[in-house]
Amino acid sequence: MKREKTRIPIRLKLFLPVTMIIIIVISLLTVWFINTSINRFNEHIKNTLVLEVNTITKMFERESMLKLEKVQTNLKVANLQFYKQPLFISSDTLHRIIENQESKIRHKAVLNKWYLNDILLNESTAFVDSLEKIIGGTITVFQKIDSGFVRITTSIRRPDGNRASCTFIPKHSPVALSILAGETYYGRAEVIDEWYTTAYEPITIDGEVKGMLYVGDKEKDMAELKRVLKTLKIGKSGYVFVFDKNGKMLIHPYLEGEDWADRELFKEIKESGNGIIEYVYKNTHKTVAYNYFDKFELYVGASINDKAESRQFTTGAVIGATIVGLLSILFLLFFIYRFTSEKLYRYFSALQESRKKLADTEIALRHSEKLAGMGQIAAGVAHELNNPLGVITMYSNILLEELSVDDPKRKDLELIVEQADRCKNIVGGLLNFARKNKIHPENTDIIELIKASIKSVVIPGNIKVTTNFNIEHKHLMIDRGQMLQVITNLIKNASEAISEKGQISIDISQKDENVLISIEDNGNGIKDEHMDKLFTPFFTTKDIGKGTGLGLSLVYGIIKMHNGKISATSNADPKAGPTGTEFKIILPLNHNKTTES
Ligand code: ADP
Ligand code: MG
């Protein structure tokens, strides 16, 4: 029972800090793991986003290349068709109001009449229209004038259905400059909301640039492009968008046509050209990767909603990591509890036990010091009293012998002799007590010794003495005389504690390397408050003349000198159960050495 009591707190004491440390460490690890996982995931999403934008840009790039090739072919076809027929530049003139296509400023101009195969190009669209049918792209013939190159016939129609003739490209524009230098010009142009890949080639007569031929092909079919880009799904929430160079949203799932020129996002995109940014749009955290595609002058972007992307992953990571963390904690705790704490526990309980032993020894030491001190005083007093007492006894006995049998003084003298004897007894006991600081062990039959003790005590008839000897080695190395005193004293005390009918049981048994002697009675018992004074010299509860209080201290001293232990348990309260006392002596079996103290 006692063992169980101390077992739990020690276990807990050991286990709690270890548990706390494990929980803290694993929790930190779990949090760290969740964090890194989420960061990695976000990183991964960003990479995907960048990759996506790059892919779209590549798509554009390829489209642009294809367009360029097509325009080159178109130009060849147009060239063939144009020069297949005779061109005649008449000195007849036409007066026209022409419009600068950049500044929109108009002025009067005088144009020469151009005849292709005898058809006045300035007033016929037959050539450009038939050519458009062949090449599937737009075509324009320009005539060189002082201010630049003016369209004299074109297949391009304005939204109102009219042709765009009589508009001119000013002579300082890149196109005009190339052509004047005799070079073919490739470029792009926005014509009525559509982008065209364009090619211009000089019309040279007698080494002089007289005009130019233009072919254009729709860079991309916006509707088709939108359809393709809108089917692109990026992650769970992502989509693609496209700005033109002026910040107009060309493609977007729901913001198409919006002007973003003044928005921070567009400004940033425009400034860096390509990269990745995070921004908040209507309380939603977004990450946007973007890239500028110079050939189309477009900004391609891909955007995702951070939370929507990582929510599922985060929940998964948190739940997963928490479960793993908890399992690890349980496993580790189980492991530690099973293996480590068992060892630690044993170590600590051994420590506790030895501490208790130390404390017991200290108490015993103090006790024996006290006894030794008392013994010295007692020896001194007894010695001094012994001689005068001897004189009193001797002379009172002589006097008694001299008196006749019926002498009236006889009674008084007898009382003196009796009391002097009592005093001698006390003094004898004291001397005995004081002298006992040495034992002389001899091979002694403990059973025989117990039997002799029982015989030497006068036990009233109302008390029954039972013995139970359960011992293998009955021969012990003990001081026979002193041990006899021990047993006798204990039996005497027991019989004195029994007032009416009673029983004294004497048991001898063996446990490990010890002999256990138990002397138990069912007498009145010892009150709790007397328990710690039992072995103190002169402690007695008996009437004057009956007890000296030296018996148990003598017993204690002798047992100690035999390297033994003595303890008492008792109940003096009839309400708490049957009363009685048990004295237990433990003697080491292999007590071979003579002990002196
Ligand atoms: P004494 O017997 O002379 O009183 P002891 O030292 O032998 O001195 O005993 C001290 C006291 O211990 C006794 O007075 C008694 O109160 C108590 N005592 C000892 N043995 C017993 C016992 N078996 N039952 C009850 N009380 C006891
Ligand atoms: Mg006694």
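For ligands, and for the atoms within them, numbers begin at 1 and follow the listed sequence.
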Please write down residue, atom name and distance for the protein heavy atom closest to [atom].
atom                    : value
atom 24 (N) of ligand 1 : Ala497 CB, 3.1 Å
atom 10 (C) of ligand 1 : Phe539 O, 3.2 Å
atom 2 (O) of ligand 1  : Lys542 NZ, 2.7 Å
atom 15 (C) of ligand 1 : Thr541 OG1, 3.4 Å
atom 23 (N) of ligand 1 : Asp521 OD2, 2.9 Å
atom 5 (P) of ligand 1  : Leu552 N, 3.7 Å
atom 20 (N) of ligand 1 : Asn493 CB, 3.2 Å

Tell me whether [X] contacts the main-chain N or O of [Y] through its side chain, where contact means a donor paired with an acceptor under 3.5 Å.
X      : Y      : value
Thr579 : Ala572 : no
Thr548 : Leu550 : yes
Asn522 : Gly580 : no

Closer than 4.0 angstrom: is that true for some heavy atom of Gly523 and an atom of ligand 1? no
Asn489 to ligand 1, any heavy atom closer than 4.0 Å: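 The answer is no, since Asn489 has no heavy atom less than 4.0 Å from ligand 1.
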From Gly547, Gly549, Ser570 - option closest to atom 8 (O) of ligand 1 by heavy atom: Gly549
Of the listed options (Ile526, Ile504, Ile519, Asn524), which comes nearest to atom 27 (C) of ligand 1 when hydrogens are ignored and any heavy atom counts? Ile526
For ligand 1, indicate whether the residue Phe583 contacts it via side chain, backbone, both or neither (heavy-atom separation under 4.0 Å). side chain
Pick one of side chain, backbone, both or neither for how Thr581 approaches ligand 1, counting any non-hydrogen atom pair under 4.0 Å.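 Side chain only; the backbone of Thr581 stays clear of ligand 1.
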In ligand 1, which numbered atoms sit nearer than 4.0 Å to a non-hydrogen atom of [X]?
X      : result
Leu534 : 12 (O), 17 (C)
Thr548 : 3 (O)
Ala494 : 23 (N)
Thr540 : 1 (P), 4 (O), 14 (O)

Residue pair Ser272, Tyr290: steps toward the side chain to side chain donor-acceptor pair (under 3.5 Å) verdict: CA-CA 9 Å; Ser272 63; Tyr290 55 91; 2.5 Å; yes
Where does the angle between the aromatic ring planes of Tyr239 and His252 fall among parallel (under 30°), tilted (30 to 60°) and perpendicular (over 60°)? perpendicular
Any chance the side chains of [X] and [Y] put a donor and an acceptor closer than 3.5 Å?
X      : Y      : answer
Lys542 : Asn493 : yes
Asp507 : Asn470 : no
Ser505 : Glu520 : no

Would you say the Mg ion (ligand 2) has Asn489 as a near neighbour, meaning an N/O/S atom of that residue under 2.8 Å away?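 False for Asn489.
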Establish, yes or no, whether a centroid distance under 6.0 Å links the rings of His285 and Tyr279.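 Not under 6.0 Å, so no.
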What I'd like to find out is whether the side chain of Ile566 reaches to under 4.5 Å of the side chain of Phe535, using heavy atoms alone. yes
Evaluate the side-chain proximity of Ile304 to Leu49: yes if any heavy-atom separation is below 4.5 Å, no if none is. yes
